[in-house]
Amino acid sequence: MMTMMERPRRNRVSARMRDAVAETHLSPANLVLPAFVQEGKDAATPIPSMPGHARLSVDRLVGLAREADSLGITGVALFPAIADDLKDPRGQEGVNPNGLLQRAIKALKEATPDLLVITDVALDPYSSDGHDGVVVDGEIVNDETVAILAAMAVVQAEAGADMVAPSDMMDGRVGAIRDALDDAGHTKVGICSYCTKYASALYGPFRDALDSEPRGGDKKTYQMDPRNAREGLREVTLDEAEGADWLLVKPGLPYADVIYRVRQATALPVAAYHVSGEYAMLKAAAEKGWLDYDKCLLESLMCLRRAGADILFTYGALEAAKLLVGGRKP
Ligand code: PBG
């Protein structure tokens, strides 16, 4: 026998021991399910690059929300698929009080009042240019966009959203949205700011789902450069000062170092978005029989928690919650 005082394996000797010393935990309360909504009745349009996900009519969305609610999932993040003929350069449909998203919010708050409804604030679902802001002479203009975003947030709050989630990365939008919500009396509606959102190629399947690929150019003048992490701390400072309630990092796993830094820099809750491309990679590898989807999903989510995220936006939320409720550990 070797003589060793320290044998780290003693703390890994059995499942009970490993549970006792586990540093990180994952529960359905950590999960938010992103969902796509479309017009129609009892309608579901599958999204080929996101197996298991479809654009759902409001009635079908309600069914999904009931399931999420019964599993103890914290909330749903809603994204509307808007008909092309309702899109315009200024995204006017986004401020329609009877628009698709607003009807979906109302239906969900009626059917599952406890489930948090988190709504997307950005122009791209409504924009004929496919950008998150107004395009003038090829440029995505900031301040004009922010005024529209603030109006969108108020319309969503009026419909019953619990939190609004600006995903656009315009400067100053968190403060403007906070002011607009407060002026309209919505002091209890929170802001989940997409604080460090990167110009990532991992959003491809999401853009398939909403048909929201930019018609020209890319999103690099507003979303962050994947080469930068320190720059994210500037966004943290600004979003905190402007009144954000949650700070979100996106994408998830490839940006775990950013999650860690944001966690160190703020006392606010940190969210991470395990994005469509991350989900698609797991599903595709599993379809080929190359990876065990359930295990890889839970491991991915646990790693995001370990990096410092409190709340995880994931297309695998239902699957993960079922596994966790069934007692499965990553
Ligand atoms: C756009 C938006 C995107 C996502 C959420 N909101 C895509 C983009 O910025 O082009 C991506 C989510 C995902 O890939 O899962 N405001």
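All residue numbers in this chain count up from 1 along the given sequence. Please read these numbers as outputs of a predicted model, since none were measured by experiment. Counting starts at 1 for both ligands and their atoms, following the listed order.
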Completion exercise
Expected contact list for ligand 1 at under 4.0 angstrom, heavy-atom basis, is F79, A122, D124, D132, S167, K197, L202, Y203, F206, R207, K219, Q223, K250, Y273, V275, S276, Y315

Handout entry: Geometric class of the Y194/F313 ring pair [parallel <30°, tilted 30-60°, perpendicular >60°]
Key = perpendicular

Problem - Other residues, nucleotides, ligands: >12 heavy atoms within 6.0 Å of Y260 OH - result: no

Handout entry: Heavy atoms of other groups near R234 CZ, more than 12 under 6.0 Å
Key = no

All N/O donor-acceptor pairs, side-chain side in residues 179-188, below 3.5 Å, sequence neighbours left out:
residue	atom	partner	partner atom	Å
D182	OD1	R178	NE	3.1
D182	OD1	R178	NH2	2.9
H186	NE2	E158	OE2	2.6

Handout entry: With sequence neighbours excluded, residues passing side chain to side chain donor-acceptor pair (under 3.5 Å) with E242
Key = none

Problem - Set of ring-ring contact (aromatic ring centres under 6.0 Å, His included) partners for Y279, sequence neighbours left out - result: H53, Y315

